[in-house]
Amino acid sequence: MSQAIAPLIDPFARAISYLRVSVTDRCDFRCVYCMSENMTFLPKSDLLTLEELDRLCSTFVGMGVQKLRITGGEPLVRKGIMTFFRAMSRHLASGALKELTLTTNGSQLGKYATELVDCGVRRINVSLDTLDEKKFAEVTRWGRLPQVLEGITAAKAAGLRIKINAVALKGFNEDEQFSLTDWCAREGHDLTWIEVMPMGDLGNEDRLDQYWSLRDLRASYAERFTLTDLAERSGGPARYVRLEETGQKIGFITPMTHNFCESCNRVRLTCTGELFMCLGQEDMADLRAPLRASPDNAALESAIRAAISRKPKGHDFDYSRQKVAGQMTRHMSHTGG
Ligand code: SAM
Ligand code: SF4
């Protein structure tokens, strides 16, 4: 790994300490808001190898990245992925990396939970929008709820702290706001609601129709509970409240608002080595070319610095005029939500 060198600071004086890495564009589900049913995936040869992912992530760690979130597509369907987690655990052991985590649909947790813990993973995000088996099959198209619930049970038993991420979808899981909340309370999981984002092609699913404002969701919590805003911020778009009656912490991710951009500490790497400096902007830097050009990291490091020097102030998503402005053509599975 490269030695600690000057940290990554962008033009707005934000230190880049958080890297989200998509390790595959593939998935065993086809969630309606994320993928189309007939996805064409990248040829395997376009993907960074596990060794290249290791080298790239290690370079970022050497440049001051302290938190690594592994995502996808579904990260746990990438062949040999545990080799990568094992490799990253050496940066936890050295103290350079403070947190290694992942976002998963949960389908493979039954298989990998224990090994993830062994690699130093302590907390995970599991995406789960509904506890109704039929609705789950509908929204994920290919997913099966029992398999995911078994995965979550295995993760909990292995000692992983679990945060459930639910995409708020109008007319779909509005009626489950409290049952999902109660289930999380019983199971000891945190819960975060995500506003649906205008990613990918709208296709048959018009995301404006699916749009359930988190302001409304919050208001209905307030009818039942006393809410206390928590100061805690992750440098990302999540805000948290505590439900005083149960002590439960609920998160809200509203990526459409600009109010988190000034504290943005993160960049995203795709499975082909494209670095996106902002989820809501098209600008990216190709890191695969400098990575493959030389076994030496000098060119790679300068490409990373050049990219960070272009990190924009904020993004342009806007639902407010009843049309989707700033809509991105990338699928979430590409940049890894
Ligand atoms: N497959 C993993 C999973 O589902 O957790 C990781 C990748 S997935 C792209 C990451 C997160 O993005 C998931 O929580 C998913 O619900 C969310 N997501 C996907 N498409 C979205 C959209 N259009 N709007 C908001 N969130 C979305
Ligand atoms: Fe797969 Fe996650 Fe996208 Fe669903 S949200 S299709 S599980 S990548």
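No hydrogens, no waters, no symmetry mates; every other heavy atom, side chains included, goes into these values. When a ligand or atom number is given, it counts from 1 through the structure's own listing order.
For the pair Lys311 and Phe12, the NZ or CZ position fails the cation-pi test of under 6.0 Å to the six-membered ring centre and within 45 degrees of the ring normal.
Residue side and main chain included, Cys31 places an N/O/S atom under 2.8 Å of atom 4 (Fe) of ligand 2.
Assignment of Gly73 to the shell around ligand 2 is supported, since a heavy atom sits closer than 4.0 Å.
Residues that satisfy the ring pair (Phe, Tyr, Trp, His ring centres under 6.0 Å) test with Phe252, not counting sequence neighbours, are absent from this structure.
In terms of polar-atom proximity, defined here as any N/O pair under 3.5 Å, Asp129 makes no such contact with ligand 1. Where the criterion is an N or O separation shorter than 3.5 Å, residue side chain and backbone included, Thr104 meets it with respect to ligand 1. Every N/O-N/O distance between Asn165 and ligand 1 stays at or above 3.5 Å.
Note on ring orientation: taking the six-membered ring where Trp is involved, the planes of Phe29 and Phe136 are perpendicular (angle over 60°, cut-offs 30° and 60°).
The local environment of CZ in Arg224 is sparse, with at most 12 non-hydrogen atoms from other residues, nucleotides or ligands closer than 6.0 Å. For Arg292, the CZ atom is densely surrounded, since the number of other residues' heavy atoms within 6.0 Å is greater than 12.
Contacts between Val167 and ligand 1 below 4.0 angstrom, taking non-hydrogen atoms only, involve the side chain exclusively. At a 4.0 Å heavy-atom cut-off, ligand 1 touches Thr71 through the side chain alone.
The closest non-hydrogen atom to atom 1 (N) of ligand 1, taken over Cys27, Ala168, Gly72, Gly73, comes from Gly73.
Atom CD1 of Ile250 sits about 4.5 Å away from atom OG1 of Thr181, to the nearest 0.5 Å.
The Glu195 neighbourhood of ligand 1 comprises atoms 25 (C), with distances under 4.0 Å to a heavy atom of that residue.
A distance-only check finds no donor-acceptor pair linking the side chain of Asp283 to the backbone of Met277 [under 3.5 Å].
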